[in-house]
Amino acid sequence: MAEQSLYDRLGGVFAIAAVVDHFSDAVVKNPIVGQGSRNPALDEWSTKELDRLPGLKFMRTLWVCNVAGGPFEFSATKPGSTPLGLEEAHRDLQITPDEFDEVAAELGRSLDHFGVPEREKGEVLAAFAAHKGEVTEGSMASA
Ligand code: HEM
């Protein structure tokens, strides 16, 4: 029998959206990568651009559904070099590798909050980590 996709094992779009919702709120409140961040672009986004947060949650949900093998296709507002590429979406935010790791830790805590099993948690975090180079490209250019 074919193995269930990660999308199905996570519980589909509603379960994924719940994790993304929790995670995205936690990132905004996180002092390293959200409000009060030493990165001015992240501090500013998390305080002055919050009318974009519902859209960000929607786009992140689509992205996770897509990367996990679900029946939705992510379509970037700032396309990268591949369909799930994130370099252009994040370039101006100048996210450093340490900031990326803090966001990944926040995602891990949200997955734990919803009781996502270790195997699926590991797969989501690995899918996320696979895009670290793209997400942090903007900080490399100015280094
Ligand atoms: C692999 C890891 C990540 C994924 C999957 C991801 C996902 C996304 C997606 C799908 C978008 C929308 C792209 C678009 O509109 O075309 C986005 C934008 C954004 N991401 Fe990420 N992201 C990641 C890492 C990060 C990190 C580490 C931060 C740091 C806080 C971050 C902060 C943001 C912000 C603030 C925006 C909104 C920019 C705007 O206003 O348009 N992301 N992200």
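Keep in mind that what you see is a predicted model, and the values were worked out from it rather than measured. Atoms within each ligand, like the ligands themselves, are counted from 1 in listed order.
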Fill in the blank from the handout: ring pair (Phe, Tyr, Trp, His ring centres under 6.0 Å) pairs touching residues 84-110, sequence neighbours excluded, are Phe100-Phe128

Handout entry: Check against side chain to side chain donor-acceptor pair (under 3.5 Å), Glu102 and Asn30
Key = CA-CA 9 Å; Glu102 184 62 25; Asn30 181 305; 2.9 Å; yes

Exercise for the section: List for me each residue that meets salt bridge (charged side-chain N to carboxylate O under 4.0 Å, His left out) alongside Glu123, sequence neighbours excluded, and say none if there are none. Expected result: Arg9, Arg119

Exercise for the section: Not counting sequence neighbours, which residues clear salt bridge (charged side-chain N to carboxylate O under 4.0 Å, His left out) with Asp92? List them please. Expected result: none

Problem - Residues in the immediate environment of ligand 1 (any heavy atom closer than 4.0 angstrom) - result: Val27, Val33, Leu42, Trp45, Arg52, Leu56, Met59, Arg60, Trp63, Phe74, Ala76, Thr77, Lys78, Leu86, Ala89, His90, Leu93, Ile95, Phe100, Val103, Phe128, His131, Val135

Practice task
Group every Ile, Leu, Val, Met, Phe, Trp and Tyr by side-chain heavy-atom contacts under 4.5 Å, then state whether Leu56 and Val103 land in the same group.
Solution key: no

Exercise for the section: Could you tell me whether the side chain of Asn39 and the main chain of Gln94 form a donor-acceptor pair under 3.5 Å? Expected result: yes

